[in-house]
Amino acid sequence: MSQERVIGFHVQRAGPLALLQDAGRFGVRRLGVTQGGPADLHGWAWANRLVGNAWGTPALEVTFGGLTLVAERDMTIAVAGADLGATLEGSPLPPWQPVILREGQTLVFGAPRNGLRAYLAVAGGFQAEPVLGSVSCVVREGLGGFDGRGGKLAEGDRLAVTIDARRRVEGRATPEPEKPDYRQSAVLALLPGAQVADFTGDSLFAAFNRPWRIDDRADRMGVRLTGPKLTCRIDSLISEGIGLGAVQVPPDGQPIALLNDRQTIGGYPRLGALTPLAASRLAQCLPGQEVRLATTTHERALADYRVFRAAVGDSIASGN
Amino acid sequence: MIQGERLPRIESAGLDGWMVRLFDRIDEANLAWLGALVRRCEAEFGEALIDLVPSYTTLLVVFDPLRLSPLVARHRLEMLLKGLEPEEAAAAGEVHELPTWYDPSVGPDLERVARYAGMSVQAVIDCHAGQEYRVFALGFAPGFAFMGLLDERLEVPRLDTPRKRVPVNSVAIAGRQTAAYPAVTPGGWNLLGRTSARLFDRDRDGFSLLKVGDRVRFVPVDRATFEQQGGDATPVEASR
(Lines give C-alpha, C1' and ligand atoms only; values in the text may rest on other atoms or scores of the structure.)
Protein backbone atom coordinates (compact mmCIF):
# COMPACT_ATOMS: atom_id res chain seq x y z
CA MET A 1 0.00 0.00 0.00
CA SER A 2 1.20 3.47 -0.72
CA GLN A 3 1.08 6.20 1.89
CA GLU A 4 1.64 8.99 -0.62
CA ARG A 5 -0.70 11.78 0.39
CA VAL A 6 -3.00 13.59 -1.99
CA ILE A 7 -6.01 15.81 -1.48
CA GLY A 8 -9.22 13.80 -1.58
CA PHE A 9 -11.92 16.23 -0.57
CA HIS A 10 -12.62 19.91 -0.31
CA VAL A 11 -15.00 20.97 2.48
CA GLN A 12 -17.60 23.25 0.94
CA ARG A 13 -19.82 23.40 4.03
CA ALA A 14 -18.68 22.08 7.41
CA GLY A 15 -21.83 21.30 9.40
CA PRO A 16 -21.93 21.25 13.20
CA LEU A 17 -19.44 18.46 13.91
CA ALA A 18 -17.35 16.28 11.63
CA LEU A 19 -14.29 14.68 13.20
CA LEU A 20 -11.49 12.42 12.05
CA GLN A 21 -11.35 9.24 14.14
CA ASP A 22 -9.06 6.23 14.22
CA ALA A 23 -9.60 3.56 16.90
CA GLY A 24 -8.59 5.98 19.65
CA ARG A 25 -5.65 7.33 21.63
CA PHE A 26 -4.24 4.57 23.78
CA GLY A 27 -1.47 4.21 26.33
CA VAL A 28 -1.64 7.83 27.50
CA ARG A 29 -4.73 7.80 29.68
CA ARG A 30 -2.50 7.79 32.75
CA LEU A 31 -1.43 11.28 31.68
CA GLY A 32 -5.01 12.48 31.75
CA VAL A 33 -5.39 12.18 27.98
CA THR A 34 -8.83 11.17 26.74
CA GLN A 35 -9.39 8.00 24.70
CA GLY A 36 -11.29 9.55 21.81
CA GLY A 37 -12.11 7.32 18.86
CA PRO A 38 -15.39 6.64 17.07
CA ALA A 39 -18.48 7.01 19.25
CA ASP A 40 -20.13 4.26 17.22
CA LEU A 41 -17.49 1.60 16.76
CA HIS A 42 -19.90 -0.54 14.74
CA GLY A 43 -20.71 2.03 12.03
CA TRP A 44 -17.09 3.20 11.87
CA ALA A 45 -15.71 -0.34 11.53
CA TRP A 46 -18.23 -1.24 8.81
CA ALA A 47 -17.42 1.87 6.76
CA ASN A 48 -13.75 0.89 6.84
CA ARG A 49 -14.50 -2.74 6.14
CA LEU A 50 -16.55 -1.92 3.06
CA VAL A 51 -13.61 -0.18 1.38
CA GLY A 52 -11.11 -2.85 2.42
CA ASN A 53 -9.41 -0.88 5.21
CA ALA A 54 -7.86 -2.53 8.25
CA TRP A 55 -9.27 -1.98 11.75
CA GLY A 56 -8.08 1.37 13.06
CA THR A 57 -7.93 3.21 9.73
CA PRO A 58 -8.95 6.88 10.14
CA ALA A 59 -12.49 7.64 8.94
CA LEU A 60 -14.73 10.67 9.23
CA GLU A 61 -17.41 10.79 11.92
CA VAL A 62 -20.21 13.08 10.74
CA THR A 63 -22.57 14.08 13.54
CA PHE A 64 -25.99 15.44 12.62
CA GLY A 65 -25.11 16.19 8.98
CA GLY A 66 -24.91 19.60 7.30
CA LEU A 67 -21.65 18.64 5.60
CA THR A 68 -20.86 19.15 1.92
CA LEU A 69 -17.72 17.60 0.44
CA VAL A 70 -16.44 17.91 -3.10
CA ALA A 71 -14.28 15.08 -4.44
CA GLU A 72 -10.94 16.27 -5.76
CA ARG A 73 -10.21 12.91 -7.43
CA ASP A 74 -11.75 9.52 -8.19
CA MET A 75 -12.16 7.51 -5.00
CA THR A 76 -13.86 4.46 -3.55
CA ILE A 77 -15.84 5.40 -0.46
CA ALA A 78 -18.44 3.92 1.86
CA VAL A 79 -20.91 5.47 4.28
CA ALA A 80 -22.18 3.46 7.25
CA GLY A 81 -23.84 4.20 10.57
CA ALA A 82 -26.62 6.77 10.69
CA ASP A 83 -28.75 7.74 7.71
CA LEU A 84 -28.16 11.48 7.49
CA GLY A 85 -29.88 11.72 4.15
CA ALA A 86 -26.59 11.55 2.26
CA THR A 87 -26.71 12.35 -1.46
CA LEU A 88 -24.23 12.09 -4.28
CA GLU A 89 -24.81 14.66 -7.02
CA GLY A 90 -28.32 15.11 -5.62
CA SER A 91 -29.30 11.43 -5.71
CA PRO A 92 -29.52 9.29 -2.57
CA LEU A 93 -26.17 7.73 -1.79
CA PRO A 94 -26.50 3.98 -1.24
CA PRO A 95 -25.31 3.40 2.34
CA TRP A 96 -23.56 0.34 3.77
CA GLN A 97 -21.79 -0.49 0.49
CA PRO A 98 -18.77 0.67 -1.50
CA VAL A 99 -19.44 3.55 -3.90
CA ILE A 100 -17.25 5.02 -6.65
CA LEU A 101 -16.89 8.77 -6.37
CA ARG A 102 -15.71 10.75 -9.41
CA GLU A 103 -13.58 13.86 -9.32
CA GLY A 104 -15.75 16.95 -9.03
CA GLN A 105 -18.76 15.15 -7.60
CA THR A 106 -20.50 16.56 -4.54
CA LEU A 107 -21.32 14.50 -1.47
CA VAL A 108 -23.86 16.02 0.91
CA PHE A 109 -24.87 14.90 4.40
CA GLY A 110 -28.28 16.40 5.16
CA ALA A 111 -30.00 15.83 8.48
CA PRO A 112 -30.67 12.81 10.74
CA ARG A 113 -33.29 10.38 9.43
CA ASN A 114 -32.16 7.29 11.28
CA GLY A 115 -29.42 7.64 13.88
CA LEU A 116 -27.09 10.52 14.68
CA ARG A 117 -23.58 9.73 13.43
CA ALA A 118 -22.57 8.64 9.94
CA TYR A 119 -19.12 7.34 9.06
CA LEU A 120 -17.39 8.11 5.79
CA ALA A 121 -14.45 5.87 4.93
CA VAL A 122 -12.24 6.13 1.87
CA ALA A 123 -10.13 3.31 0.46
CA GLY A 124 -6.67 3.53 2.04
CA GLY A 125 -7.97 5.88 4.75
CA PHE A 126 -7.88 9.58 5.48
CA GLN A 127 -4.42 10.90 6.29
CA ALA A 128 -3.22 13.13 9.12
CA GLU A 129 -0.24 13.40 11.46
CA PRO A 130 -0.77 11.33 14.60
CA VAL A 131 -0.61 13.24 17.88
CA LEU A 132 0.30 11.14 20.94
CA GLY A 133 -0.01 8.08 18.74
CA SER A 134 -3.41 8.76 17.19
CA VAL A 135 -5.22 11.03 14.75
CA SER A 136 -8.45 10.82 16.77
CA CYS A 137 -9.83 14.31 17.13
CA VAL A 138 -10.65 15.40 20.68
CA VAL A 139 -11.78 19.02 20.41
CA ARG A 140 -11.74 19.71 24.15
CA GLU A 141 -8.08 18.71 24.43
CA GLY A 142 -6.93 20.25 21.18
CA LEU A 143 -5.47 16.96 20.01
CA GLY A 144 -5.67 15.12 16.70
CA GLY A 145 -7.79 15.68 13.63
CA PHE A 146 -6.63 16.89 10.24
CA ASP A 147 -4.90 19.92 11.75
CA GLY A 148 -3.40 18.00 14.69
CA ARG A 149 -4.91 20.65 16.99
CA GLY A 150 -8.26 19.05 17.66
CA GLY A 151 -10.07 21.09 15.05
CA LYS A 152 -13.40 19.86 13.71
CA LEU A 153 -13.87 20.19 9.95
CA ALA A 154 -14.17 23.78 8.77
CA GLU A 155 -15.27 25.29 5.49
CA GLY A 156 -12.39 25.36 3.04
CA ASP A 157 -10.49 22.46 4.62
CA ARG A 158 -8.80 20.06 2.24
CA LEU A 159 -8.77 16.47 3.42
CA ALA A 160 -5.82 14.25 2.64
CA VAL A 161 -6.14 10.65 1.49
CA THR A 162 -3.63 8.31 -0.19
CA ILE A 163 -3.26 7.51 -3.87
CA ASP A 164 -4.85 4.18 -2.91
CA ALA A 165 -8.16 6.01 -2.63
CA ARG A 166 -8.98 5.12 -6.23
CA ARG A 167 -8.49 1.43 -5.49
CA ARG A 168 -11.47 -0.68 -6.51
CA VAL A 169 -12.57 -3.02 -3.76
CA GLU A 170 -14.05 -6.45 -4.05
CA GLY A 171 -16.81 -4.94 -2.06
CA ARG A 172 -19.93 -6.53 -0.85
CA ALA A 173 -22.62 -4.65 0.97
CA THR A 174 -23.12 -5.05 4.72
CA PRO A 175 -25.55 -7.92 5.44
CA GLU A 176 -29.04 -6.74 6.39
CA PRO A 177 -28.97 -7.97 10.02
CA GLU A 178 -25.87 -5.86 10.61
CA LYS A 179 -27.66 -2.63 9.70
CA PRO A 180 -29.36 -1.33 12.85
CA ASP A 181 -32.60 0.58 12.85
CA TYR A 182 -31.54 3.25 15.30
CA ARG A 183 -35.12 4.54 15.63
CA GLN A 184 -36.09 1.40 17.53
CA SER A 185 -35.93 1.53 21.30
CA ALA A 186 -32.54 0.02 22.16
CA VAL A 187 -31.78 -2.42 24.94
CA LEU A 188 -28.31 -1.54 26.19
CA ALA A 189 -26.25 -4.36 27.69
CA LEU A 190 -24.51 -3.41 30.91
CA LEU A 191 -21.91 -5.24 32.99
CA PRO A 192 -22.76 -4.50 36.64
CA GLY A 193 -20.02 -2.68 38.52
CA ALA A 194 -18.69 -2.68 42.04
CA GLN A 195 -21.12 -0.10 43.44
CA VAL A 196 -24.24 -1.74 42.07
CA ALA A 197 -25.01 -3.16 45.53
CA ASP A 198 -24.89 0.34 47.01
CA PHE A 199 -28.04 1.37 45.14
CA THR A 200 -31.37 0.81 46.87
CA GLY A 201 -33.48 -2.15 45.78
CA ASP A 202 -36.14 0.17 44.35
CA SER A 203 -33.51 2.01 42.37
CA LEU A 204 -32.06 -1.17 40.91
CA PHE A 205 -35.52 -2.36 39.95
CA ALA A 206 -36.20 0.96 38.27
CA ALA A 207 -32.81 1.08 36.56
CA PHE A 208 -33.37 -2.20 34.74
CA ASN A 209 -37.16 -2.21 34.31
CA ARG A 210 -38.09 1.34 33.39
CA PRO A 211 -37.40 3.14 30.14
CA TRP A 212 -34.78 5.90 30.07
CA ARG A 213 -35.04 8.95 27.88
CA ILE A 214 -32.01 10.46 26.11
CA ASP A 215 -31.52 13.98 27.44
CA ASP A 216 -30.50 17.03 25.39
CA ARG A 217 -27.22 16.96 27.26
CA ALA A 218 -25.63 14.29 25.11
CA ASP A 219 -22.29 14.53 23.36
CA ARG A 220 -19.11 12.55 22.82
CA MET A 221 -18.22 12.86 26.52
CA GLY A 222 -21.41 11.30 27.75
CA VAL A 223 -25.13 10.87 27.41
CA ARG A 224 -27.47 11.83 30.20
CA LEU A 225 -30.47 9.58 30.76
CA THR A 226 -33.62 10.93 32.39
CA GLY A 227 -36.13 8.80 34.24
CA PRO A 228 -36.77 7.60 37.77
CA LYS A 229 -34.43 9.11 40.36
CA LEU A 230 -31.88 6.51 41.45
CA THR A 231 -30.64 6.52 45.02
CA CYS A 232 -27.19 5.32 45.96
CA ARG A 233 -26.03 4.96 49.56
CA ILE A 234 -22.74 6.59 48.63
CA ASP A 235 -22.79 9.91 46.80
CA SER A 236 -19.16 10.19 45.81
CA LEU A 237 -15.99 8.14 45.57
CA ILE A 238 -12.32 8.95 45.61
CA SER A 239 -11.65 9.66 41.92
CA GLU A 240 -10.68 6.59 39.91
CA GLY A 241 -10.24 5.56 36.29
CA ILE A 242 -13.39 5.45 34.16
CA GLY A 243 -13.87 2.82 31.48
CA LEU A 244 -15.74 3.30 28.20
CA GLY A 245 -19.49 3.05 28.72
CA ALA A 246 -19.37 3.52 32.50
CA VAL A 247 -22.82 4.54 33.77
CA GLN A 248 -22.29 6.93 36.65
CA VAL A 249 -24.99 8.30 38.88
CA PRO A 250 -24.43 11.76 40.36
CA PRO A 251 -26.39 12.84 43.46
CA ASP A 252 -29.33 14.03 41.30
CA GLY A 253 -30.05 10.35 40.57
CA GLN A 254 -30.01 10.69 36.78
CA PRO A 255 -27.42 8.39 35.15
CA ILE A 256 -24.80 9.52 32.65
CA ALA A 257 -23.29 6.95 30.29
CA LEU A 258 -19.73 7.98 29.54
CA LEU A 259 -18.46 7.73 25.97
CA ASN A 260 -15.18 8.18 24.13
CA ASP A 261 -14.37 11.77 25.10
CA ARG A 262 -15.03 11.26 28.83
CA GLN A 263 -12.43 12.43 31.30
CA THR A 264 -9.98 9.76 32.41
CA ILE A 265 -10.93 9.72 36.11
CA GLY A 266 -14.06 10.55 38.06
CA GLY A 267 -15.71 10.09 41.40
CA TYR A 268 -19.39 9.18 41.09
CA PRO A 269 -20.76 5.74 41.93
CA ARG A 270 -21.56 3.60 38.92
CA LEU A 271 -24.22 1.09 38.02
CA GLY A 272 -21.65 -0.59 35.81
CA ALA A 273 -20.40 -0.23 32.26
CA LEU A 274 -22.16 -0.62 28.94
CA THR A 275 -20.52 -3.12 26.61
CA PRO A 276 -18.59 -1.55 23.69
CA LEU A 277 -21.45 -2.38 21.31
CA ALA A 278 -24.05 -0.95 23.70
CA ALA A 279 -22.07 2.27 24.04
CA SER A 280 -21.90 2.41 20.24
CA ARG A 281 -25.62 1.91 19.95
CA LEU A 282 -26.30 4.65 22.51
CA ALA A 283 -24.14 7.05 20.49
CA GLN A 284 -26.69 6.74 17.65
CA CYS A 285 -29.65 7.81 19.80
CA LEU A 286 -31.22 11.23 19.43
CA PRO A 287 -32.48 13.29 22.38
CA GLY A 288 -35.98 12.16 23.34
CA GLN A 289 -35.46 8.57 22.25
CA GLU A 290 -36.04 5.80 24.77
CA VAL A 291 -33.59 3.11 25.79
CA ARG A 292 -33.57 0.35 28.37
CA LEU A 293 -30.71 -1.07 30.41
CA ALA A 294 -30.24 -4.83 30.79
CA THR A 295 -27.50 -6.64 32.66
CA THR A 296 -25.22 -9.02 30.83
CA THR A 297 -22.21 -11.21 31.59
CA HIS A 298 -18.59 -11.02 30.49
CA GLU A 299 -19.02 -14.29 28.55
CA ARG A 300 -22.01 -13.02 26.60
CA ALA A 301 -20.51 -9.58 26.00
CA LEU A 302 -17.25 -11.07 24.79
CA ALA A 303 -19.04 -13.50 22.46
CA ASP A 304 -21.03 -10.63 20.91
CA TYR A 305 -17.90 -8.53 20.55
CA ARG A 306 -15.99 -11.36 18.88
CA VAL A 307 -18.80 -11.91 16.39
CA PHE A 308 -18.77 -8.21 15.55
CA ARG A 309 -15.00 -8.03 15.12
CA ALA A 310 -14.99 -11.17 12.96
CA ALA A 311 -17.80 -9.73 10.83
CA VAL A 312 -15.75 -6.60 10.10
CA GLY A 313 -12.88 -8.79 9.02
CA ASP A 314 -10.64 -8.95 12.03
CA SER A 315 -8.66 -12.17 11.96
CA ILE A 316 -7.73 -11.82 15.62
CA ALA A 317 -11.38 -12.14 16.58
CA SER A 318 -11.63 -15.67 15.25
CA GLY A 319 -8.31 -16.73 16.79
CA ASN A 320 -7.45 -17.96 20.33
CA MET B 1 0.22 -5.68 53.93
CA ILE B 2 -2.46 -3.64 52.32
CA GLN B 3 -4.87 -2.39 54.96
CA GLY B 4 -8.60 -2.16 54.62
CA GLU B 5 -11.70 -4.23 54.66
CA ARG B 6 -11.86 -6.87 51.92
CA LEU B 7 -8.93 -5.29 50.12
CA PRO B 8 -7.41 -5.61 47.65
CA ARG B 9 -10.40 -6.20 45.38
CA ILE B 10 -10.74 -6.69 41.65
CA GLU B 11 -13.93 -5.10 40.37
CA SER B 12 -15.70 -5.13 37.03
CA ALA B 13 -14.98 -2.05 34.92
CA GLY B 14 -16.53 -3.18 31.64
CA LEU B 15 -15.60 -5.72 29.00
CA ASP B 16 -12.06 -4.45 28.56
CA GLY B 17 -11.12 -3.42 32.08
CA TRP B 18 -10.69 -4.43 35.69
CA MET B 19 -10.51 -2.00 38.55
CA VAL B 20 -7.96 -3.06 41.12
CA ARG B 21 -8.89 -1.43 44.42
CA LEU B 22 -5.94 -1.49 46.77
CA PHE B 23 -6.94 1.05 49.41
CA ASP B 24 -9.94 2.86 50.79
CA ARG B 25 -8.26 6.11 51.76
CA ILE B 26 -5.82 8.61 50.29
CA ASP B 27 -2.29 8.18 51.59
CA GLU B 28 1.18 8.80 50.23
CA ALA B 29 2.06 5.24 51.19
CA ASN B 30 -0.40 3.99 48.51
CA LEU B 31 1.94 5.20 45.77
CA ALA B 32 4.60 2.54 46.35
CA TRP B 33 1.98 -0.21 46.01
CA LEU B 34 0.32 1.32 42.97
CA GLY B 35 3.72 1.89 41.35
CA ALA B 36 4.65 -1.74 41.90
CA LEU B 37 1.35 -2.90 40.44
CA VAL B 38 1.78 -0.68 37.37
CA ARG B 39 5.20 -2.16 36.78
CA ARG B 40 3.95 -5.74 37.18
CA CYS B 41 1.03 -5.18 34.81
CA GLU B 42 3.31 -3.70 32.18
CA ALA B 43 5.51 -6.78 32.42
CA GLU B 44 2.74 -9.38 32.53
CA PHE B 45 0.07 -8.14 30.13
CA GLY B 46 2.39 -7.58 27.20
CA GLU B 47 0.77 -6.50 23.96
CA ALA B 48 -2.72 -7.15 25.33
CA LEU B 49 -2.31 -4.09 27.57
CA ILE B 50 -4.15 -1.00 26.31
CA ASP B 51 -3.96 1.46 29.19
CA LEU B 52 -3.24 1.76 32.89
CA VAL B 53 -4.97 4.50 34.86
CA PRO B 54 -3.58 4.83 38.38
CA SER B 55 -5.44 7.04 40.81
CA TYR B 56 -5.39 7.69 44.57
CA THR B 57 -6.44 4.22 45.71
CA THR B 58 -6.99 2.23 42.51
CA LEU B 59 -5.50 1.07 39.25
CA LEU B 60 -7.75 0.68 36.22
CA VAL B 61 -6.25 -1.97 33.93
CA VAL B 62 -7.50 -1.77 30.35
CA PHE B 63 -6.72 -4.60 27.94
CA ASP B 64 -7.74 -5.88 24.53
CA PRO B 65 -10.39 -8.52 25.26
CA LEU B 66 -9.65 -10.22 21.93
CA ARG B 67 -6.05 -10.85 22.94
CA LEU B 68 -6.76 -11.69 26.54
CA SER B 69 -10.18 -12.82 27.67
CA PRO B 70 -11.55 -10.82 30.61
CA LEU B 71 -11.61 -13.86 32.89
CA VAL B 72 -8.01 -14.75 32.10
CA ALA B 73 -7.04 -11.11 32.67
CA ARG B 74 -8.77 -11.21 36.04
CA HIS B 75 -6.99 -14.39 37.00
CA ARG B 76 -3.67 -12.87 36.02
CA LEU B 77 -4.35 -9.86 38.24
CA GLU B 78 -5.22 -12.12 41.16
CA MET B 79 -1.85 -13.84 40.76
CA LEU B 80 -0.04 -10.49 40.54
CA LEU B 81 -1.68 -9.25 43.72
CA LYS B 82 -0.65 -12.32 45.69
CA GLY B 83 3.02 -11.58 45.32
CA LEU B 84 2.80 -7.81 45.34
CA GLU B 85 5.26 -5.86 47.44
CA PRO B 86 5.50 -2.07 47.63
CA GLU B 87 8.28 -0.58 45.52
CA GLU B 88 9.19 2.93 46.53
CA ALA B 89 11.52 3.06 43.52
CA ALA B 90 8.67 2.27 41.13
CA ALA B 91 6.62 5.12 42.54
CA ALA B 92 9.28 7.65 43.51
CA GLY B 93 9.15 9.33 40.14
CA GLU B 94 11.00 12.53 39.49
CA VAL B 95 11.49 15.59 41.62
CA HIS B 96 10.27 18.84 40.08
CA GLU B 97 10.58 22.44 41.10
CA LEU B 98 7.89 24.63 39.60
CA PRO B 99 8.93 28.31 39.58
CA THR B 100 5.82 30.17 40.67
CA TRP B 101 4.98 33.85 40.74
CA TYR B 102 2.50 34.31 43.60
CA ASP B 103 0.67 37.59 43.02
CA PRO B 104 -2.95 38.75 43.22
CA SER B 105 -2.91 39.67 39.51
CA VAL B 106 -2.35 36.04 38.49
CA GLY B 107 -3.56 34.53 41.75
CA PRO B 108 -6.80 36.43 42.37
CA ASP B 109 -7.87 34.13 45.21
CA LEU B 110 -4.74 34.71 47.32
CA GLU B 111 -6.45 37.28 49.50
CA ARG B 112 -9.64 35.25 49.84
CA VAL B 113 -7.64 32.20 50.92
CA ALA B 114 -5.67 34.32 53.38
CA ARG B 115 -8.88 35.67 54.92
CA TYR B 116 -10.41 32.21 55.06
CA ALA B 117 -7.30 30.76 56.69
CA GLY B 118 -6.82 33.72 59.00
CA MET B 119 -3.29 34.23 57.71
CA SER B 120 -1.42 36.92 55.87
CA VAL B 121 -0.95 36.56 52.10
CA GLN B 122 2.77 36.04 52.66
CA ALA B 123 2.05 33.29 55.17
CA VAL B 124 -0.22 31.58 52.62
CA ILE B 125 2.57 31.69 50.05
CA ASP B 126 5.15 30.43 52.53
CA CYS B 127 2.85 27.63 53.55
CA HIS B 128 2.01 26.55 49.98
CA ALA B 129 5.63 26.72 48.85
CA GLY B 130 6.99 25.31 52.09
CA GLN B 131 6.41 21.62 51.47
CA GLU B 132 6.82 18.88 48.91
CA TYR B 133 3.75 17.36 47.27
CA ARG B 134 3.20 13.98 45.67
CA VAL B 135 1.27 13.49 42.45
CA PHE B 136 -1.66 11.18 43.26
CA ALA B 137 -3.42 11.13 39.91
CA LEU B 138 -3.64 12.80 36.51
CA GLY B 139 -6.99 13.62 34.99
CA PHE B 140 -9.48 16.36 34.16
CA ALA B 141 -7.21 17.52 31.31
CA PRO B 142 -3.99 16.22 29.74
CA GLY B 143 -1.16 16.72 32.22
CA PHE B 144 -3.42 18.00 35.03
CA ALA B 145 -1.81 16.56 38.18
CA PHE B 146 -3.72 16.25 41.44
CA MET B 147 -1.13 16.83 44.17
CA GLY B 148 -1.30 16.62 47.92
CA LEU B 149 -1.64 16.68 50.67
CA LEU B 150 -1.93 20.39 51.24
CA ASP B 151 -1.42 21.80 54.73
CA GLU B 152 -4.72 21.68 56.62
CA ARG B 153 -4.52 25.41 57.32
CA LEU B 154 -4.96 26.11 53.60
CA GLU B 155 -7.97 23.84 53.19
CA VAL B 156 -10.41 26.11 51.37
CA PRO B 157 -13.53 25.05 49.45
CA ARG B 158 -13.81 25.46 45.71
CA LEU B 159 -15.37 28.61 44.24
CA ASP B 160 -19.17 28.62 44.30
CA THR B 161 -19.15 29.49 40.61
CA PRO B 162 -16.26 28.05 38.59
CA ARG B 163 -14.37 30.39 36.28
CA LYS B 164 -15.15 29.78 32.63
CA ARG B 165 -11.51 30.20 31.63
CA VAL B 166 -8.66 29.58 34.02
CA PRO B 167 -5.45 30.88 32.40
CA VAL B 168 -2.86 28.27 31.48
CA ASN B 169 -0.23 27.54 34.17
CA SER B 170 -2.40 28.86 37.01
CA VAL B 171 -1.38 27.36 40.36
CA ALA B 172 -4.38 26.50 42.44
CA ILE B 173 -5.67 24.81 45.58
CA ALA B 174 -8.92 23.11 46.60
CA GLY B 175 -9.59 20.97 49.64
CA ARG B 176 -6.29 19.34 50.57
CA GLN B 177 -5.01 19.31 47.01
CA THR B 178 -3.03 21.57 44.74
CA ALA B 179 -2.52 21.63 40.98
CA ALA B 180 -1.28 23.67 38.05
CA TYR B 181 -3.48 24.05 34.95
CA PRO B 182 -1.68 22.71 31.83
CA ALA B 183 -4.23 24.32 29.48
CA VAL B 184 -6.99 26.91 29.51
CA THR B 185 -10.05 25.16 30.93
CA PRO B 186 -13.00 25.98 33.15
CA GLY B 187 -12.10 25.53 36.81
CA GLY B 188 -13.34 26.13 40.33
CA TRP B 189 -10.09 25.93 42.26
CA ASN B 190 -8.60 28.89 44.16
CA LEU B 191 -5.86 30.56 42.12
CA LEU B 192 -2.72 31.55 44.04
CA GLY B 193 -0.24 32.31 41.27
CA ARG B 194 1.23 31.11 38.02
CA THR B 195 4.15 28.87 37.11
CA SER B 196 6.50 29.30 34.17
CA ALA B 197 6.96 25.53 33.82
CA ARG B 198 5.74 23.88 30.63
CA LEU B 199 3.31 21.32 32.01
CA PHE B 200 2.15 19.51 28.88
CA ASP B 201 4.06 19.42 25.63
CA ARG B 202 3.00 17.17 22.79
CA ASP B 203 6.50 17.32 21.34
CA ARG B 204 8.27 16.27 24.51
CA ASP B 205 9.11 12.68 25.28
CA GLY B 206 6.55 11.57 27.84
CA PHE B 207 4.29 14.56 27.04
CA SER B 208 3.36 15.43 30.63
CA LEU B 209 5.91 17.07 32.93
CA LEU B 210 4.26 15.51 35.98
CA LYS B 211 3.42 11.84 36.42
CA VAL B 212 1.82 9.83 39.20
CA GLY B 213 4.27 9.43 42.06
CA ASP B 214 6.40 12.48 41.18
CA ARG B 215 7.47 14.90 43.93
CA VAL B 216 6.75 18.57 43.37
CA ARG B 217 7.80 21.77 45.06
CA PHE B 218 6.54 25.24 44.16
CA VAL B 219 9.39 27.76 44.26
CA PRO B 220 8.41 31.43 44.65
CA VAL B 221 9.95 33.74 42.06
CA ASP B 222 9.44 37.44 41.39
CA ARG B 223 7.74 38.81 38.33
CA ALA B 224 10.98 39.60 36.49
CA THR B 225 12.28 36.04 36.92
CA PHE B 226 8.89 34.61 35.99
CA GLU B 227 8.78 36.58 32.76
CA GLN B 228 12.41 35.86 32.00
CA GLN B 229 11.55 32.15 32.20
CA GLY B 230 8.84 32.67 29.63
CA GLY B 231 5.93 33.11 32.02
CA ASP B 232 2.87 35.04 30.81
CA ALA B 233 2.09 37.80 33.31
CA THR B 234 -1.26 38.78 31.80
CA PRO B 235 -3.58 39.33 34.78
CA VAL B 236 -6.42 36.84 35.21
CA GLU B 237 -9.09 39.50 34.76
CA ALA B 238 -7.58 40.65 31.46
CA SER B 239 -7.06 37.14 30.10
CA ARG B 240 -10.72 36.16 30.38
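Just so it is clear: chains get the letters A, B, ... in the order the sequence lines come, proteins before strands, and each one is counted from 1.
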> Looking at B:E42 and A:R30, is there a salt bridge between them, counting it only when a charged N and a carboxylate O are closer than 4.0 Å?
yes
> What part of B:L71 lies closer than 4.5 angstrom to a heavy atom of chain A: side chain, backbone, both or neither?
side chain
> Hey, which of A:T275, A:T34, A:T264 has the most heavy atom pairs under 4.5 Å with chain B?
A:T264
> Relative to chain A, which segment of B:A13 carries a heavy atom at a distance below 4.5 Å: side chain, backbone, both, or neither?
backbone
> Could you check which of B:A145, B:G17, B:P182, B:A141 has the highest count of heavy-atom pairs closer than 4.5 Å to chain A?
B:A141
> Determine the option with the most heavy-atom pairs under 4.5 angstrom with chain A, choosing from B:S55, B:G139, B:P142.
B:P142
> Charged N to carboxylate O under 4.0 angstrom, B:E88 versus B:R39?
no
> Between B:L60, B:D16, B:I26, which residue shows the highest count of heavy-atom pairs closer than 4.5 Å to chain A?
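Sorted descending by pairs with chain A, the first entry is B:L60.
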> Are B:H75 and B:W18 an aromatic pair, judged by ring center distance below 6.0 Å?
no
> With the threshold set at 4.0 Å, does a side-chain nitrogen-carboxylate oxygen contact exist between A:D215 and A:R217?
yes
> Please classify the contact of A:R262 with chain B as side chain, backbone, both or neither, using a heavy-atom distance under 4.5 Å.
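Neither part, no heavy atoms under 4.5 Å.
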> Just so I know, are the side chains of B:V236 and B:R163 near enough to count as touching, which here means a heavy-atom distance under 4.5 Å?
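Yes, side chains in contact.
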> Can you tell me which portion of A:A301 sits under 4.5 Å from chain B's heavy atoms? Options are side chain, backbone, both or neither.
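The answer is both parts of A:A301.
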> Counting only heavy atoms closer than 4.5 Å, note whether A:Q35 contacts chain B via side chain, backbone, both or neither.
neither
> Taking side chain as everything from C-beta outward and backbone as N, CA, C, O, which of these in A:R25 sits under 4.5 Å from a heavy atom of chain B? Side chain, backbone, both or neither.
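For A:R25, the contact with chain B is made by the backbone alone.
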> If you tally heavy-atom pairs under 4.5 Å against chain A, which of B:F136, B:F207, B:Y56, B:F200 wins?
B:F207
> Which bit of A:L190 is near chain B, if near means a heavy-atom gap under 4.5 Å: side chain, backbone, both or neither?
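No part of A:L190 comes within 4.5 Å of chain B.
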> Check the side chains of A:E178 and A:H42 for a donor-acceptor pair under 3.5 angstrom, ignoring hydrogens and angles.
yes
> Taking every heavy-atom pair that is under 4.5 Å apart, which of A:V196, A:L191, A:I238 has the most such pairs with chain B?
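Most pairs with chain B among the choices: A:I238.
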> Taking A:N260 for the side chain and A:P38 for the main chain, is one N or O donor matched with an acceptor at less than 3.5 Å?
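Yes: the side chain of A:N260 pairs with the backbone of A:P38.
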> With ring centroids as reference points, do A:F308 and A:W46 lie under 6.0 angstrom apart?
no
> Starting at NZ of B:K164, measure out to OG1 of B:T161 and round the result to the nearest 0.5 Å.
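These two atoms lie 9.0 Å from each other.
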